[in-house]
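What follows is a single structure, written as structure tokens, with notes after it.
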Amino acid sequence: MTKQRVPVVEGMFTMDDEPRLIGGKVPGRETYFFPKHVAGGDPAAVGAELEEVLLSRTGTVWSYTSSDYQPPAPFVPNTDPYEPITIAAVQLEKEQMVVLGQCVQGVTPADLSVGTEVELVVDTLYEDDDHEYMVWKWKPVEAGENG
């Protein structure tokens, strides 16, 4: 039996072959937000009806670290025993914003540097008997690839 793939949080990303984060934008301005309902500190966003936009699929690593200790609940580890995960803050050039996310399994801090090009992928965060719970993650772009 195939498990149903569902997003961990509805409405934050698409789940197609070229996934995108779903952001918000102030109409008439180049001011973007993620998640789409978080308008940050832009005074123009106060009371504005934000447009829903698909954010860039690729960006560059702005900063990165590893989570060597298992985070507390509600985090659900996908390995037992827990294996460290790598987390990257990725700058989206067009949107001029930084989005934090987990890297795909197997990527370590040794695989990254500031400026490494990465692409957005959808990957399993955890599973139960019926579902695979999906989340966005960052994956380094291989030489010659264009995300």
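Note that the structure is predicted; figures quoted are calculated from it, not measured. Side chains are part of it too, since the values below use all heavy atoms of this structure and drop only hydrogens, waters and symmetry mates.
- Panel note: side chain K137, backbone T124; a donor-acceptor pair is recorded below 3.5 Å.
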Take V26 and F33 through the side chain to side chain contact (heavy atoms under 4.5 Å, CB included) test and state the conclusion after the steps.
CA-CA 9 Å; V26 175; F33 307 99; 3.5 Å; yes
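- Here the side chain of R57 pairs no donor or acceptor atom with the backbone of E119 at under 3.5 angstrom.
- Shortest non-hydrogen contact noted between V8 and V135 is CG2-CB, 4.4 Å.
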Passes side chain to side chain contact (heavy atoms under 4.5 Å, CB included), L120 versus T58? Steps please.
CA-CA 6 Å; L120 187 86; T58 60; over 6 Å; no
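- Here the closest non-hydrogen pair linking Y64 and P109 is CE1-O, 3.6 Å.
- Contacts classified as salt bridge (charged side-chain N to carboxylate O under 4.0 Å, His left out) and involving residues 70-95 (residues at least two apart or in different chains) are not found.
- Residue K3 is tested with E127, H131, E132 for a side-chain hydrogen bond (donor to acceptor under 3.5 Å, both in side chains); the sole match is E127.
- Comment: K36 engages E52 in a salt bridge, judged by a side-chain N to carboxylate O separation of less than 4.0 angstrom.
- The distance from atom CD of E117 to atom NZ of K139, rounded to the nearest 0.5 Å, is 12.5 Å.
- Listed here is the closest heavy atom pair of P84 and D68: CB-OD1, 3.5 Å.
- Aromatic ring orientation, Y126 versus Y133: parallel (interplanar angle below 30°, classes split at 30° and 60°).
- Applying the ring pair (Phe, Tyr, Trp, His ring centres under 6.0 Å) definition to pairs two or more places apart or across chains, none involves residues 89-113.
- Side-chain atoms of S67 come within 3.5 Å of backbone N or O of Y69 as a donor-acceptor pair.
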I would like to know whether T86 and L112 meet side chain to side chain contact (heavy atoms under 4.5 Å, CB included); could you show each step before the answer?
CA-CA 10 Å; T86 301; L112 301 175; 3.8 Å; yes
For side chain to side chain contact (heavy atoms under 4.5 Å, CB included), just list the numbers for I87 and C103, CA-CA rounded to whole Å, side-chain angles, deciding distance to a tenth of an Å, and then say yes or no.
CA-CA 6 Å; I87 300 165; C103 292; over 6 Å; no
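- The six-membered or imidazole ring of W136 lies near that of F34, with a centre-to-centre distance under 6.0 Å.
- With hydrogens and angles disregarded, no donor-acceptor distance shorter than 3.5 Å links the side chain of S63 to the backbone of A89.
- Remark: the Q91 side chain and the T60 side chain contain no N/O donor-acceptor pair separated by less than 3.5 Å.
- Residue E49 qualifies as open at atom CD: its count of foreign heavy atoms under 6.0 Å is 12 or below.
- When hydrophobic clusters are built by joining Ile, Leu, Val, Met, Phe, Trp and Tyr residues whose side-chain heavy atoms come closer than 4.5 Å, directly or via intermediates, M12 is grouped together with L125.
- Residues V98 and L21 are members of separate hydrophobic clusters, defined by side-chain heavy-atom contacts under 4.5 angstrom among Ile, Leu, Val, Met, Phe, Trp and Tyr.
- The minimum heavy-atom distance linking P27 with L50 is given by the pair CD-CA, 4.4 Å.
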